Visitor: 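Mind looking over this structure? Questions follow.
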Number of protein chains: 4
Amino acid sequence: MSPLNKQQLDQIRDERKEQIKQAALKIFACRGITGTKMSMIASEAGISEGLIYRYFKSKDELFTDLVIELMEEAGKEIGNLQHSPESPFDQIRTLTQSMLDENNKYAFRLILQARKADKVPEKVGQFLDQYSEKVLIDRLVPVLIKGQQAGQFSEGDPRELLSWYFTVVNSLIMQELGIEKYGLPDTDVLMRILSR
Amino acid sequence: MSPLNKQQLDQIRDERKEQIKQAALKIFACRGITGTKMSMIASEAGISEGLIYRYFKSKDELFTDLVIELMEEAGKEIGNLQHSPESPFDQIRTLTQSMLDENNKYAFRLILQARKADKVPEKVGQFLDQYSEKVLIDRLVPVLIKGQQAGQFSEGDPRELLSWYFTVVNSLIMQELGIEKYGLPDTDVLMRILSR
Amino acid sequence: MSPLNKQQLDQIRDERKEQIKQAALKIFACRGITGTKMSMIASEAGISEGLIYRYFKSKDELFTDLVIELMEEAGKEIGNLQHSPESPFDQIRTLTQSMLDENNKYAFRLILQARKADKVPEKVGQFLDQYSEKVLIDRLVPVLIKGQQAGQFSEGDPRELLSWYFTVVNSLIMQELGIEKYGLPDTDVLMRILSR
Amino acid sequence: MSPLNKQQLDQIRDERKEQIKQAALKIFACRGITGTKMSMIASEAGISEGLIYRYFKSKDELFTDLVIELMEEAGKEIGNLQHSPESPFDQIRTLTQSMLDENNKYAFRLILQARKADKVPEKVGQFLDQYSEKVLIDRLVPVLIKGQQAGQFSEGDPRELLSWYFTVVNSLIMQELGIEKYGLPDTDVLMRILSR
DNA sequence: CATGAATGAGAGTTCATTCAT
DNA sequence: AATGAATGAACTCTCATTCAT
């Protein structure tokens, strides 16, 4: 009888926006930005194509917003790691598992998709350039060194070792899911890369 | 001035076809099938766009033909491995290096690109499903077991270990080149995955 | 708390309708029918987009209704002129000034916008075809002739002279406002067109 | 049997480009940039929509290119006037007639359409800002003054008088063609605006 | 055989109009 | 009566594929 009030409308908008983001994340992560059609996102979200444009100015903006948001979340999560009471080995183990976990995988894949995109919007580009370097490696160098001193990791340039390790982890995240009969490697097996 | 004879024409056709394949391989491998435009291939091959269609019915067929041919070659090459006098460790080492080598990388990347493609023609699909399994793993299981007996590799299900290892190697092949500061991991470091 | 009675509801309806028309006039006059978005009108009127459709079936109908109403008003106003005690020269002068006056300009511009519109509804079309002719020229021919006899205007076919004059005035009305450094020409300067 | 040679292809391209420009000019001039659909231009030119994009990057670029080219031509033409041996009155008379001439009308209308466009591409904006003012008025001020001294024109600020006069001429150019029964005013009648 | 001009199906985007509340 | 979320037709633009030469 009466129009919805402001609060209710805000809630609807928030829900829709989240719904679109979830759908977009799922498709973008699997197929990259060019491989994703707006119609796929709309259909995944169960809405019409046109509606997406009431929430995001363009496909590019949707992609960009998503990537930035997820990178900020990922950054925070990794930041928390530093205050963890775990041993260096277990810290990296936990991080690795969280990166390869089904639940987070879409997010990390999206970030990595962004790195491959042809013309990444400027704003994303800046984040991306420093993603592995700043967000992952810089923060983990002290952890790795501590672990080396404790004899948990192999000797050698810590930056190089970490760069190689996360090159592997990142590339695994990008793998299509469920192709391999045995799935993704066990974390402990992966971490042998860091061992002596 | 005089018309070319049949043999000469065949030779031109073969050369052209090879030229197109080389160009296509380079671009497909880097950008995937959807990211590649026929104009890019034509330009890389130094020919006109229309000419490609005299040699290949469609973009899809060009892609498919390429993948199948490269998979067959790769299969042969891996087959040769079995008659190698090297130690099991060195056999896998050599294979790994050859897969990650700049020269072969395009080929392997293309094959892996095919696994991500949307509607892979049936014929390719069959090959692909069993690519790692049949071509790589089956042939290497005996090698690995021999290495395990010699104490060069860690214990555990050989098929699982190999599947995991090549999941890592394959995913590295797919990585965009030259993003990481330290490049791809050293082969010896990668092979720690197989070590105890 | 108690429901509004019929009379009050009617009043609200009338006010709303007027409010929408005013907003529409302002935007249509400036931007033409294709350049105007319903959202602009709604925003100018301070109401929601959907509400417009309770008062007007479509954008086209809103435009049409507006044009017809304004043409009828303009017709009356010009009709009044004939009973004016002013001299023929001053009558046309007054009319010209009123047509170019900021306050009336929107109305006249809208009418002229209608002439350029693509698919003007039949009803408007009929009015428009004869707008200058019937509403303006026919009524002013006697005035002009009187002025010619008094030596105020140049000789020549009165219909042709008036048609040319109002072609100029009309086209000036359509000019975007405030582009020219010196603004629109002074009425007296314009009226030289009618002079000898 | 053999492909067309370079010269022939260049000719085809030039012809097509000209053909598209002519069609675009005709439609843009009548309907403005937003009122013109690419399909209209394609259909007017007798080609497919897609083909336009091999010659112009976008609708905006097509419009811009057209406007700039025509403005440059118009500028030259007006520049030539200064070396004319005609009397000041006849110079302006000739210019007026050329502006209102059916053949040139499209061009002038397009330029004026550009002034009304919502978001004129930057490049066009710069030209346009100075078009009336610089190109026309500046060059004609000396002519008008000479005419005033010869008693051919009314007294008063020459810039103001010219600005008013060309405001009228420009606005007439924008008029839809062939609406008025008597057509556009005779040049000599128009020029009474400049007379005393 | 070879070219690149030309086409048309399909993708991204806008906006008048409808509908649930 | 009023809102603004939702839809879908239409428009701009891209690119695999065809065709005239």
Side-chain angles (χ1 to χ4, degrees), chain A residues 1-6 8-10 12-13 15-17 34 36-42 46-62, chain B residues 3-4 8-9 12-13 16 33-34 36-42 47-60 62, chain C residues 3-4 8-9 12-13 16 33-34 36-42 47-60 62, chain D residues 1-6 8-10 12-13 15-17 34 36-42 46-62:
Chain A
M1 205 52 67
S2 68
L4 298 174
N5 65 34
K6 197 170 182 314
Q8 284 172 312
L9 284 172
D10 276 0
I12 288 177
R13 279 193 72 83
E15 278 171 19
R16 268 290 164 279
K17 195 157 185 174
T34 54
T36 298
K37 314 295 168 210
M38 290 306 261
S39 58
M40 295 173 181
I41 296 174
I47 57 173
S48 70
E49 271 178 77
L51 188 56
I52 299 176
Y53 291 87
R54 284 187 51 99
Y55 295 89
F56 298 92
K57 271 213 290 282
S58 68
K59 186 180 172 181
D60 263 23
E61 192 188 286
L62 171 53
Chain B
L4 298 173
Q8 284 171 313
L9 282 175
I12 288 178
R13 277 195 68 85
R16 276 273 174 280
I33 187 165
T34 55
T36 298
K37 307 183 197 330
M38 291 304 264
S39 58
M40 293 173 179
I41 296 174
I47 59 170
S48 70
E49 280 178 67
L51 190 52
I52 298 176
Y53 289 85
R54 284 202 152 267
Y55 297 89
F56 299 91
K57 267 216 297 282
S58 69
K59 186 182 176 180
D60 267 17
L62 170 52
Chain C
L4 299 173
Q8 284 172 312
L9 283 175
I12 288 178
R13 277 196 70 84
R16 276 272 174 281
I33 187 165
T34 54
T36 298
K37 307 183 198 327
M38 292 303 263
S39 59
M40 293 173 179
I41 296 174
I47 59 170
S48 71
E49 279 178 68
L51 190 52
I52 298 176
Y53 289 86
R54 283 203 154 264
Y55 296 90
F56 299 92
K57 268 216 296 279
S58 69
K59 186 181 176 181
D60 267 17
L62 170 53
Chain D
M1 206 48 71
S2 71
L4 298 175
N5 64 35
K6 196 170 182 314
Q8 285 171 310
L9 284 172
D10 276 358
I12 288 178
R13 280 193 70 83
E15 277 172 19
R16 269 288 166 279
K17 194 158 185 174
T34 55
T36 299
K37 313 296 166 207
M38 292 303 263
S39 58
M40 295 172 180
I41 297 174
I47 59 174
S48 70
E49 271 178 75
L51 189 55
I52 299 176
Y53 291 88
R54 283 185 53 98
Y55 296 89
F56 299 92
K57 270 213 289 283
S58 67
K59 186 179 172 181
D60 262 23
E61 192 187 286
L62 172 53

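Letters A, B, ... are given to chains in the order of the sequence lines, protein chains preceding strands, and every chain is numbered from 1. None of these values were measured; they are calculated from a predicted model.
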Visitor: For a quick check, with a 4.0 angstrom heavy-atom cut-off, what is the B/S/- contact string for nucleotides 6-13 of chain F, read 5' to 3'?
Guide: BBB--SBB

Visitor: Say you draw a straight line from OG of A/S48 to OH of A/Y53; how long is it, rounded to the nearest 0.5 Å?
Guide: 11.0 Å

Visitor: Whether the side chain of D/K37 engages the backbone of D/T34 through a donor-acceptor N/O pair (distance < 3.5 Å, no angle test) should be reported.
Guide: yes

Visitor: Using atom CZ of D/F56 as one end and atom C1' of F/dT14 as the other, report the distance to the nearest whole Å.
Guide: 18 Å

Visitor: Atom CD1 in A/I47, atom OH in A/Y55: separation rounded to 0.5 Å?
Guide: 8.0 Å

Visitor: Which ranges of DNA chain E pair up as stems, where a stem means three or more consecutive Watson-Crick or G-U pairs with both distances under 3.5 Å?
Guide: E:2-21 with F:2-21

Visitor: Let me confirm one number: the CG-OG distance from A/D60 to A/S58, rounded to the nearest 0.5 Å.
Guide: 5.0 Å

Visitor: Which value, rounded to the nearest 0.5 Å, describes the distance between C/R13 atom CZ and C/Q8 atom CD?
Guide: 15.5 Å

Visitor: Quick check for you: to the nearest 0.5 Å, what is the distance between A/L51 atom CG and A/R16 atom CZ?
Guide: 6.5 Å

Visitor: Measure the spacing between CE of A/M38 and NZ of A/K59 and express it to the nearest 0.5 Å.
Guide: 7.5 Å

Visitor: Just the rounded figure in Å: distance from P of E/dT13 to CD1 of A/I41.
Guide: 10 Å

